[in-house]
There are 2 protein chains.
Amino acid sequence: MGYKHNIDEILDIGYDVLRKNGYHNVGVNQILKEAGIPKGSFYNFFESKEDFAVKVVKRYGETNTEWMKAFFDNSELSPIESLQSFYKFMIDTNETDDYLSGCIVNNMSIEVGRINNIMASKANEQFISWLNILAQVISKGQNLKEITTKFNALEIAEYLHAGFYGTFSRMKVTRNRTYMDIWYNMSFEFIKN
Amino acid sequence: MGYKHNIDEILDIGYDVLRKNGYHNVGVNQILKEAGIPKGSFYNFFESKEDFAVKVVKRYGETNTEWMKAFFDNSELSPIESLQSFYKFMIDTNETDDYLSGCIVNNMSIEVGRINNIMASKANEQFISWLNILAQVISKGQNLKEITTKFNALEIAEYLHAGFYGTFSRMKVTRNRTYMDIWYNMSFEFIKN
DNA sequence: AATTAATTAGACTAATTGGTCTAGTTGAGA
DNA sequence: TCTCAACTAGACCAATTAGTCTAATTAATT
């Protein structure tokens, strides 16, 4: 049966709250309220607010890693086409979100990357894990001569995905997808062979 | 003579504090302490903490706009070379800062862009102002056939500069310039004719 | 010299912060 | 069925939050 509350459910709610509002702008009490748990349970599950936030990032990062793996494994498109369809999907997802939240790993990196070593290294971990999946697809595209070989696959992956992060800064203040679409068109024009 | 304290000096100190620590992680009392002013003076000069932060971003943005204008006006390099030297300088600047702070406009966009309309529009204003300067240089480079004409100057400017913002997320958690240098090499390789 | 508005100074406030503590409850294993 | 650790519950705490208020001081204007 288990007890009343479940860590993963709390982490999922925490993901929403932290992604939308950031780290320092959210109090523990707000998390308790949104998750519907008493403080005792929170501190039974997590050592501190920091520990909670790190675990939120970890869970999201790992879930997303699995999702990405499945996405590319199941794709019947060519490598470059599957990459394009991946980023198209990511941009569309942000549209349904009114372009306001962005990516929690990016948000945490910028807000607390400098002042919190544990969060910094956890965010970096997730990013690298995604990067390796992208690099594999890029590598396949290079072998098929779809993608430029001027740079190696991992570099192109980092270029693409961090470039995508740059679009979030613009999106959050312009609140539209204009620049994300420009980024998409230019990036794929540049890396195509 | 004037009074004891000066708004611009407070804003300059505020720039340092907010850039390094973010918005919600800094209290008004900390600003008072670092600037050496009493609370009465702060609330005499600024309506609120938000008003203060917006004015910090405005002042930095405008100062930087002037600096960029002078940088490109005084440059004796060709357009693409002056762009390269500009970004080289920006990367070096972050190195002296131990790669921890980044750009305040980017930081504020990510941390409070979603939840604070005034800050969002002020950050966007500064970004656009920089963008226009970059676009002018890019346009010159396009006329000289140094830079690709596959995309218009403003699009390339936004692509370049927001891409550079993406590098900050990586920098803040990896705390080195590796990815910034990769970004630099790839971006200029891609936009060169 | 008198008046006035701007500025300085910091004590104070109500609300909120992250976190602790104790008491009671639950569920699984012996 | 008994035992014990995990969990639930929320009152409580010291510190901090953004912001207010009143009084004193300063500089410029009349």
Side-chain angles (χ1 to χ4, degrees), chain A residues 1-57 59 107-108 111-112 114-120 122, chain B residues 1-57 59 107-108 111-112 114-120 122:
Chain A
M1 270 291 293
Y3 285 80
K4 202 167 179 183
H5 307 301
N6 169 282
I7 292 192
D8 286 342
E9 276 172 30
I10 301 172
L11 289 176
D12 286 344
I13 290 164
Y15 165 74
D16 277 331
V17 178
L18 293 182
R19 185 171 78 110
K20 284 184 186 139
N21 304 294
Y23 180 77
H24 290 103
N25 191 36
V26 171
V28 173
N29 283 317
Q30 185 183 343
I31 296 161
L32 304 182
K33 203 176 155 193
E34 304 226 22
I37 54 168
K39 200 162 259 191
S41 293
F42 182 89
Y43 282 97
N44 178 54
F45 289 137
F46 311 107
E47 276 181 26
S48 61
K49 182 190 173 188
E50 182 199 51
D51 178 49
F52 168 73
V54 169
K55 281 177 175 154
V56 164
V57 167
R59 176 168 162 84
N107 296 350
M108 292 295 131
E111 187 185 342
V112 300
R114 184 199 120 97
I115 51 186
N116 188 318
N117 295 335
I118 297 168
M119 180 64 88
K122 188 54 74 184
Chain B
M1 272 291 294
Y3 284 80
K4 203 168 177 181
H5 308 302
N6 169 283
I7 292 192
D8 284 342
E9 276 172 31
I10 301 172
L11 289 176
D12 286 344
I13 290 163
Y15 165 74
D16 277 332
V17 178
L18 293 182
R19 185 171 78 110
K20 282 182 188 142
N21 304 295
Y23 180 77
H24 290 103
N25 190 37
V26 171
V28 172
N29 283 319
Q30 186 182 343
I31 296 160
L32 304 181
K33 202 175 157 194
E34 304 227 23
I37 54 169
K39 199 162 258 191
S41 293
F42 183 88
Y43 281 97
N44 178 52
F45 288 138
F46 311 106
E47 275 181 30
S48 61
K49 183 189 172 188
E50 181 198 51
D51 177 50
F52 169 74
V54 169
K55 281 176 176 155
V56 164
V57 168
R59 175 169 162 84
N107 296 350
M108 292 295 132
E111 186 184 343
V112 300
R114 184 200 118 98
I115 51 187
N116 188 318
N117 295 335
I118 298 170
M119 180 65 88
K122 187 56 73 182

Inset, instruction - Mind calculating the distance between CG (Leu32(B)) and P (dT16(D)) to the nearest angstrom? - result: 15 Å

Inset, instruction - Report the distance from atom CG of Asn44(A) to atom C1' of dG10(D), rounded to the nearest whole Å. - result: 14 Å

Inset, instruction - May I have the distance from Ile10(A) (atom CD1) to dC7(D) (atom C1'), rounded to whole angstrom? - result: 11 Å

Inset, instruction - Please state how far atom CZ in Phe46(B) lies from atom P in dA18(D), giving the value in whole angstrom units. - result: 15 Å

Legend entry - Whole-Å gap separating P (dT8(D)) and CD1 (Ile7(A)): 9 Å

Legend entry - By side chain to side chain contact (heavy atoms under 4.5 Å, CB included) - contacts of Asn6(A) (at least two apart): Asp8(A), Glu9(A)

Inset, instruction - Rounded off to whole Å, could you give me the CD1-to-C1' distance for the Ile31(B) and dT16(D) pair? - result: 14 Å

Inset, instruction - Provide the closest heavy-atom pair for Met108(A) versus Gly22(A) in the form atom of the first, atom of the second, distance. - result: CE-C, 3.9 Å

Legend entry - Donor-acceptor contact present, side-chain Lys20(B) to main-chain Tyr15(B), <3.5 Å: no

Legend entry - Sidechain-backbone polar pair: Asn44(A) side chain, Gly40(A) backbone, donor-acceptor under 3.5 Å: no

Legend entry - Of the listed nucleotides dT8(D), dA9(C), dA27(D), the one nearest the side chain of Tyr3(B): dA27(D)

Inset, instruction - Would you give a per-nucleotide map of nucleotides 14-19 of chain C, 5' to 3', where B means the base has a protein non-hydrogen atom under 4.0 Å away, S means only the sugar-phosphate does, and - means neither? - result: ---BBB

Legend entry - Under 3.5 Å donor-acceptor, Asn21(B) side chain and Val17(B) backbone: yes

Inset, instruction - Could you state the atom-to-atom distance from NE2 of His5(A) to P of dT26(C) in whole Å? - result: 12 Å

Inset, instruction - Report yes if at least one side-chain N or O of Lys4(A) is closer than 4.0 Å to OP1 or OP2 of dA9(D); otherwise report no. - result: yes

Inset, instruction - Report yes or no: does Lys49(B) contribute a side-chain atom to a donor-acceptor pair with the main-chain N or O of Val26(B) at less than 3.5 Å? - result: yes

